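Reviewing the structure listed below.
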Amino acid sequence: MATSGAKQGTKIVSKTSAGGAGATAASGGAPIIPLASPLMGKKKKPFLGMPAPLGYVPGLGRGATGFTTRSDIGPARDANDPVDDRHAPPGKRTVGDQMKKNQEEDEEDLNDTNYDEFNGYAGSLFSSGPYEKDDEEADAIYAALDKRMDERRKERRELREKEEIEKYRMERPKIQQQFSDLKRKLAEVSEEEWLSIPEVGDARNKRQRNPRHEKLTPVPDSFFSKHLQSGENHSSVDPLQGLGGLNTPYPGSMTPGLMTPGTGELDMRKIGQARNTLMDMRLSQVSDSVSGQTVVDPKGYLTDLNSMIPTYGGDISDIKKARLLLKSVRETNPHHPPAWIASARLEEVTGKLQVARNLIMKGTEMCPKSEDVWLEAARLQPGDTAKAVVAQAVRHMPQSVRVYIRAAELETDIRAKKRVLRKALENVSKSVRLWKAAVELEEPEDARIMLSRAVECCPTSVELWLALARLETYENARRVLNKARENIPTDRHIWITAAKLEEANGNTQMVEKIIDRAITSLRANGVEINRDQWIQDAEECDKAGSVATCQAVIRAVIGIGIEEEDRKHTWMEDADSCVAHGALECARAIYAHALQVFPSKKSVWLRAAYFEKNHGTRESLEALLQRAVAHCPKAEVLWLMGAKSKWLAGDVPAARSILALAFQANPNSEEIWLAAVKLESENNEYERARRLLAKARSSAPTARVFMKSVKLEWVLGNIEAAQDLCTEALKHYEDFPKLWMMRGQIEEQCENMDKAREAYNQGLKKCPHSVALWFLLSRLEERVGQLTRARAILEKSRLKNPQCADLWLESVRLEYRAGLKNIANTLMAKALQECPNSGILWAEAVFLEARPQRKTKSVDALKKCEHDPHVLLAVAKLFWSERKITKSREWFLRTVKIEPDLGDAWALFYKFELQHGTQEQQEEVRKRCENAEPRHGELWCAESKHVLNWQKKTGEILEQVASKIKNTF
């Protein structure tokens, strides 16, 4: 701040010797122009009439400095005089302290220690001078410059600060971050484990830790009585003590009371009675409850005194406000029932039960025609009082059904309930609710009689008609249902019950007619046929065992309200819905109807066949497939399903005949050729299989036919024939990778590693995107000890096939098998960056971590791949490793449900049950695996595709894979 040294500022009003004009200018106003006089100059001064310049002090130019009088600064005060502020802090309580403080503030610290070569003095040199307009402008310019410079450096500064904060947090993480995985574990701590945690050690000394408990012994009444008598002898002062003038007792010290002699002894008996009365009152409050039953054990009431504590835990001020508000509502409108009910419930919640009862009884007086008030009063009153309240309510409202139902509920004896309900029915004979309640208490015969009367009083109640029909004989039930139809022509349940009645009595031919007549009659009466409701009724019939009725309902309503182009899609959805609800006969009826409408639709036949395979019998499946191939002879899968069903049943000739018919319908079909070959080879008819394959190679040559030919010779041990066939096949199908794999594996089996390597390399030139070929070549190099070459092969494969999770996984496992865990972890991190949603990579990453971090990693994996079977399987293995058997079983079940084709999941699940499950659980897993027929999985394929296991069934492969699994995780 640049400030002129010549400037002098003062806050004191100046009195100059110049007087008038100077004093006027000092006040800051314009100088007053004097009246014209002969002494004034002829020319008017230019500054007259203008405002004084900034910092102008009148008289300063001619040396007339200002002066101050005592009236300006107040009376003189001593340094030790107190200041006017009564609450001044220490150090500012006297005038001297205040002056010293002001002097320190005014003086600047110009010491050498406060001087810097670059910045100068720490403080402002001109802070004592006046702050003028040019100073303010200079400060604004400097502030703008500082702001501009700060904005230029803002991004770099913020980035640097952010990096420093991150670095600091990495070096010194918060305690919360260090214990995050342990916090997550707290969710699994059971209540017993939590309670068994030992308490924190006590740092107090022994005397503080084990204070002596104060022993209190109740004083007997005889003690008080004895000392009362001794007190009579010493109620006055002994004159021999030499205290003259004290013979007269103090005024008021001998007033009548318990200790005053002459007024009678202290009556201990009355005190005991009063105490007993008080305890009796408290016990009666506690034992009184809304239900009328005693809350407290009479023999051990002290154990249940908690019931005296109000259950409401809110603020008392809120209760008072609510109470005041409700009181205002009651006084404003005393005939408003909700006000009385709310008031009573407020008092009940706060523990004042008797006040609540008094309020609600007053409410019954003010609102005698309100059901809700009477029912609330009955609820709040105990047993017998509640009955009296209900009786009073009945007198005021003899037509109230709810009051009668409440009266019946209050009765504990069945006879009394019946009596109440019959009395109610005399007054309210048209109440369906009362009739139902009364009938439920009766025996079947009496119930039938009552229902006969009930349907007369309530002819529009479907439930009463149907209940009466169920209790009647067949002929009477038919008559009852006919009467019900006459009275209620718009209800479908009566028609469906009639159909079920006919089916139950063997008249199945009448069921279809009744349902058709029902649809016609309901439409004639203006009822809209709701298809979903009828299907729901059919499902209920199915569950009740009325199969014919269920099928008749489905046939009648399945096509209602559906566009022609939507029929197939809608019907398939209906069938799936019925299967999900357990109504299998409904689903079967839907499929049967769909097949009648779409007899040439292969997809419908397939859905029906799979339904029969999963939920039907073998005979029903074969019958359906026979009809299916008659309508869809070109559908190979239907022929193959029929042949397989016969083969699994052990009827090989029938399977051959089905395949022969399939050949006639589908000549040169690859699937049927291979199915015939499999049938013969599985039944040890190898020559037949060879002839079939030779015929297939000549008539329908495909890569798969050649592959099966090579496989058959290989598994039978004819290595030379297999190699010749493989060479011939590769002339025609050199871009089929499985042929190159088989050629290399045959050479590996013969210990010809160079030829195997050559086969794999040639195959990769033709099929660079075959992941399995890259695997075989890298594992071959690893087996012969060429780790570097195996690593290079996998790196090349990842370049050829980017974002391939399987190749990344193989690279990680290669390093792990070589003992290079750090490199494996680095590769896994790169793999997860390139394939962030790969389940197999996340599953492997979980078990690459140390044990304490596995659970955290599994949580991250589930966030990324929630429904991936490999991740679910990893979580199941993790729980297994922690011996959490129940949780592990749940995750195994979830895995095989999401992906039943994953053989590794079945093998691990079976191994788990072998270790921790029962015999039944093991058999269940094995059976479910055989039904699923899994084909995939690393461990599973290694066994199922081995040449020595080519004839083994699913169950045998399951046992073999499970036996080779080691609990290394």
Side-chain angles (χ1 to χ4, degrees), residues 609-622 625 637 640-652 654-655 674-686 689 708 711-712 714-716 869-870 872-873 876-877 880 885 888-967 969:
Y610 284 125
F611 168 77
E612 293 295 343
K613 181 183 176 184
N614 294 327
H615 303 286
T617 61
R618 186 175 62 84
E619 290 78 11
S620 64
L621 173 63
E622 290 175 0
L625 288 170
V637 64
L640 296 176
M641 284 181 73
K644 186 175 182 180
S645 177
K646 291 289 185 185
W647 170 53
L648 290 174
D651 193 354
V652 177
L674 295 178
V677 170
K678 184 176 181 181
L679 177 66
E680 300 301 342
S681 60
E682 291 285 344
N683 289 284
N684 300 326
E685 296 284 348
Y686 305 126
K708 292 292 183 182
K711 180 77 178 288
L712 180 65
W714 184 14
V715 298
L716 292 176
H870 297 281
L872 298 180
L873 186 59
K877 288 161 63 178
W880 183 6
I885 306 304
S888 181
R889 185 176 284 114
E890 289 174 3
W891 284 88
F892 273 124
L893 287 168
R894 198 177 300 178
T895 307
V896 296
K897 184 178 180 181
I898 283 180
E899 185 53 85
D901 194 45
L902 185 61
D904 290 2
W906 288 109
L908 282 160
F909 193 11
Y910 187 64
K911 177 81 172 180
F912 169 80
E913 293 296 356
L914 287 175
Q915 290 186 0
H916 304 288
T918 61
Q919 186 70 30
E920 292 78 12
Q921 290 169 329
Q922 296 165 15
E923 288 300 321
E924 184 187 357
V925 172
R926 183 188 175 113
K927 186 177 179 183
R928 288 180 62 187
C929 178
E930 289 173 350
N931 291 334
E933 294 182 357
R935 300 284 182 85
H936 296 91
E938 185 181 2
L939 302 173
W940 186 269
C941 290
E943 293 298 321
S944 64
K945 295 192 176 182
H946 198 279
V947 289
L948 300 177
N949 303 327
W950 71 286
Q951 278 188 315
K952 289 189 175 178
K953 307 291 183 189
T954 304
E956 296 171 338
I957 294 172
L958 177 68
E959 289 184 353
Q960 198 164 339
V961 177
S963 65
K964 292 192 176 182
I965 292 173
K966 306 296 180 187
N967 293 21
F969 45 82

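As the structure is a prediction and not an experimental result, all values here were calculated from the model. The first residue of the sequence shown is numbered 1, and numbering continues consecutively from there. Computation of the quantities below employed the complete heavy-atom set of this structure, encompassing side-chain atoms and omitting hydrogens, waters and symmetry-equivalent molecules.
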For this session: For L716 and W950, work out which heavy atoms get closest and say how close.
Result: CD2-CZ2, 4.2 Å
Exercise. Are E938 and D904 close enough that some pair of their side-chain heavy atoms sits under 4.5 Å apart?
Worked result: yes
Seminar exercise, completed: When rounded to the nearest 0.5 Å, the distance separating CD of E943 from CG of N949 is 5.5 Å
For this session: Indicate yes or no: at least one non-hydrogen side-chain atom of E899 is less than 4.5 angstrom from one of H936.
Result: no
Seminar exercise, completed: Between the CG atom in N931 and the NZ atom in K613, the distance rounded to the nearest 0.5 Å is 8.5 Å
Problem set entry | Check: M641 and K644 side chains under 4.5 Å, non-hydrogen atoms | no
Seminar exercise, completed: For V925 and E913 the tightest heavy-atom approach is CG2-CG, 3.8 Å
Problem set entry | Nearest heavy atoms of A609 and L621, plus distance in Å | O-CD1, 3.4 Å
Seminar exercise, completed: Of all heavy-atom pairs linking P934 and P900, the shortest is CB-O, 3.8 Å
For this session: Please work out whether the ring planes of H916 and W880 are parallel, tilted or perpendicular, with thresholds of 30° and 60°.
Result: perpendicular
For this session: Go through the steps for E622 and E612 under the test side-chain contact (heavy atoms from CB on, under 4.5 Å), then give the verdict.
Result: CA-CA 9 Å; E622 290 175 0; E612 293 295 343; over 6 Å; no
Problem set entry | Distance, nearest 0.5 Å, that separates NZ of K953 from CG of L958 | 15.0 Å
Problem set entry | Side-chain donor or acceptor of S645 paired with backbone N/O of G642 under 3.5 Å | no
Exercise. Is the closest side-chain heavy-atom distance between K877 and F912 below 4.5 Å?
Worked result: no
Exercise. At what distance, to the nearest 0.5 angstrom, does NZ of K911 lie from CG of L939?
Worked result: 12.0 Å
For this session: Search all heavy atoms of C929 against all heavy atoms of W940 and return the closest pair with its distance.
Result: SG-CH2, 4.1 Å
Exercise. Quick one: side chain to side chain donor-acceptor pair (under 3.5 Å) partners of E923, sequence neighbours excluded?
Worked result: none
Problem set entry | Salt bridge R894-E890, side-chain N to carboxylate O under 4.0 Å | no
Seminar exercise, completed: Value for OG1 (T954) from CD (E933), rounded to nearest 0.5 Å, stands at 5.5 Å
For this session: Could you pull out the closest heavy-atom pair between R935 and D901, with the gap in Å?
Result: N-OD1, 3.0 Å
For this session: Could you walk me through whether R889 and Q921 pass the side-chain contact (heavy atoms from CB on, under 4.5 Å) test, one step at a time?
Result: CA-CA 11 Å; R889 185 176 284 114; Q921 290 169 329; 3.5 Å; yes
Exercise. If you round to the nearest 0.5 Å, how far is CG of L872 from NZ of K897?
Worked result: 12.0 Å
For this session: May I ask you to test the L873-F909 pair for a side-chain heavy-atom distance under 4.5 Å?
Result: no
Exercise. Heavy atoms, side chains only, cut-off 4.5 Å: are L893 and R928 in contact?
Worked result: yes
Exercise. With sequence neighbours excluded, what pairs up with W714 under the side chain to side chain donor-acceptor pair (under 3.5 Å) test?
Worked result: Q749
Seminar exercise, completed: Across all chains, not counting sequence neighbours, the side chain to side chain donor-acceptor pair (under 3.5 Å) partners of Q951 are N684, Y686
